[in-house]
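Note on naming: letters A, B, ... go to the chains in the order of the sequence lines (proteins, then strands), and numbering restarts at 1 for each one.
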Number of protein chains: 2
Amino acid sequence: MAPTRTRARRADAERSIALIVAAARSTLSCDPDATVDDIATAAGVGRMTVYGHFKTRPDLVEAALVDALRAGEETLSAVDLTGDPRDALSRLLASSWSLVSESAALLAAAEKVLPEGRIRDLHAGAADRIEALIRRGQDEGVFRTDLPLTWLVNVIQHVLHGAAEELRTGRLREAAVAEVVTRTVQSILAS
Amino acid sequence: MAPTRTRARRADAERSIALIVAAARSTLSCDPDATVDDIATAAGVGRMTVYGHFKTRPDLVEAALVDALRAGEETLSAVDLTGDPRDALSRLLASSWSLVSESAALLAAAEKVLPEGRIRDLHAGAADRIEALIRRGQDEGVFRTDLPLTWLVNVIQHVLHGAAEELRTGRLREAAVAEVVTRTVQSILAS
DNA sequence: GTTATCTCGTACAGGTGAGTACGAGTTAGA
DNA sequence: TCTAACTCGTACTCACCTGTACGAGATAAC
């Protein structure tokens with residue numbers, strides 16, 4: 001239970017926090033071991049300003065993760081998941097592959113500093129949506145049922161992670177990623 | 001050019017080195033940031049003994065990587081890769097999935113401390129074998145050709161990595177891994 | 001049994017990052 | 001304009017890890 005603030009935050013503080021969280025997301029996605037100073041520099045603020053808003057580094061990592069998951073949730077909920085599950089899956093992947101792969105890296109950063117249960121709580125809702133879609137596809141007979149559902153969900157995340165890596169190392173152009181990812185995942189799920 | 005030793009190593013030293021390298025492989029596979037002390041403890045020797053044989057931590061990481069790649073090479077070369085590429089792939093995966101996924105984790109540890117080129121040199125031969133197999137499958141018309149070869153090789157490694165994670169977190173039993181991995185990879189490669 | 005080698009504890013130096021303390025200067029908001 | 005809130009630099013403490021130095025005791029090899 002956070003002690004209620006005596007007064008609303010000032011606008012500049014609000015802006016600083018937003019800058020810091022955004023910098024934490026992008027910095028930690030590239031380097032899970034980034035220091036508080038790295039993040040402060042990336043945000044264009046002093047290290048002390050960061051500590052003014054986040055008590056400890058784990059607090060900051062958690063804030064970054066929460067923000068990324070919130071953004072992901074927002075993007076995912078805007079996708080039309082009705083109709084043929086295969087088409088829905090393509091739409092889902094096209095609009096969210098980069099976000100999911102970013103979250104994957106952030107998740108790795110979080111696993112080092114946050115208690116296990118905390119992460120599971122935060123991340124629970126995110127995977128639910130794709131799981132539901134796969135289950136519907138299975139019910140309609142267009143997705144395979146010979147492998148565990150949890151495995152299918154997880155292997156898709158790893159494929160996205162792999163795609164992000166190919167992009168980083170320049171073996172795959174950004175324009176080609178969505179196509180490659182979609183084909184690969186469709187192959188994995190096809191019944 | 002290493003200065004030639006005046007005399008052969010003593011047997012107990014040889015044994016210590018083997019223990020240390022083995023401990024480094026297993027420890028770094030779980031935690032890429034494991035300290036020299038962690039590894040020494042896992043090996044059942046003192047930290048100073050480690051420094052007696054490996055000048056620096058990067059040297060130790062490299063030795064662990066080299067050893068893992070050598071073991072992988074050994075296992076892979078024992079696999080019969082003739083006949084139907086799909087069957088050959090199954091045999092390859094069955095006998096090497098755990099080794100490859102261990103190498104992947106070790107590789108991540110190595111990337112933090114070794115120069116980029118050094119890693120590429122060491123790892124070059126390993127992926128070649130599976131790449132050759134996939135190419136043969138493509139030539140014979142049983143593997144897809146609509147995705148880049150480098151992507152196919154890489155995504156397989158990520159699938160293996162995902163399987164290793166499922167195993168660690170207990171969502172997949174060890175006995176089931178080979179089956180799940182094989183089915184998944186076959187789906188990805190099928191033309 | 002002699003000797004060079006090996007093991008490994010203690011102790012140290014150097015570096016780095018987390019988090020705290022203080023305080024001077026700046027700015028938003030009423 | 002007045003004040004509380006915010007920014008952020010300097011300067012610390014604390015903890016941890018790396019790598020080195022020294023040295024006493026164990027042991028493999030001859």
Check whether A:Q138 reaches the backbone of A:R144 with its side chain - one donor and one acceptor, N or O, closer than 3.5 Å. yes

Does a side-chain N-to-carboxylate-O contact under 4.0 Å join A:R136 and A:D139? no

Has the side chain of A:S191 got a donor or acceptor atom that lies under 3.5 Å from a matching backbone atom of A:G141? yes

List every contact pair, protein side and nucleotides 1-3 of chain D side both N or O, where the distance is under 3.5 Å.
none

Any donor-acceptor pair under 3.5 Å linking the side-chain atoms of B:T184 with those of A:W151? yes

Using a 3.5 Å distance criterion without hydrogens, assess whether the side chain of B:E131 forms a donor-acceptor pair with backbone atoms of B:V153. no

Establish whether B:V142 and B:L89 are linked, either directly or via other cluster members, by ILVMFWY side-chain heavy-atom contacts under 4.5 Å. yes

Take atom CZ of A:R9 and atom C1' of C:dG29, then tell me their distance rounded to the nearest Å. 16 Å

Main-chain N/O of B:P85 paired to B:E140 side chain as donor or acceptor, under 3.5 Å: no

Whole-Å distance separating the NZ atom of B:K112 from the P atom of D:dT18: 13 Å

Residues B:R10, B:E14: salt bridge by 4.0 Å N-O rule: no

Below the 4.0 Å mark, does D:dT7 have OP1 or OP2 next to a side-chain nitrogen or oxygen of A:H53? yes

Keeping B:S77 on the side-chain end and B:E74 on the backbone end, is there a donor-acceptor pair under 3.5 Å? yes

Encode nucleotides 11-22 of chain C as B, S and - characters from 5' to 3', where the letter depends on protein heavy atoms closer than 4.0 Å: B to the base, S only to sugar-phosphate, - to neither. B-----SSBBB-

Rounded to the nearest 0.5 angstrom, the CG-CG distance for B:L28 and B:L65 is 10.0 Å

Apply side chain to side chain donor-acceptor pair (under 3.5 Å) to residues A:D38 and A:T41 and explain how you reach the verdict. CA-CA 5 Å; A:D38 291 337; A:T41 303; 5.8 Å; no

Do we see a donor-acceptor contact under 3.5 Å between the side chains of A:T35 and A:D37? no

Sorted by first residue and then second, give each salt bridge (Lys or Arg N to Asp or Glu O under 4.0 Å) pair with at least one member in residues 155-165 of chain B; sequence neighbours left out. B:E165-B:R171

Can you check whether A:D80's main-chain N or O pairs, donor with acceptor, with A:R91's side chain at less than 3.5 Å? yes

Under 3.5 Å between N/O atoms: give me all the protein pairs with nucleotides 1-3 of chain C, atom names plus distance.
none

Note the angle between the end axes of the helix from C:dG1-D:dC30 to C:dA30-D:dT1, five pairs defining each, rounded to 10 degrees. 30°

Expected list for residues 11-32 of chain B near DNA chain D, using heavy atoms below 4.0 Å, is B:A11, B:D12

Assess the side chains of A:S90 and A:D87: does a donor N or O sit below 3.5 Å from an acceptor N or O? no

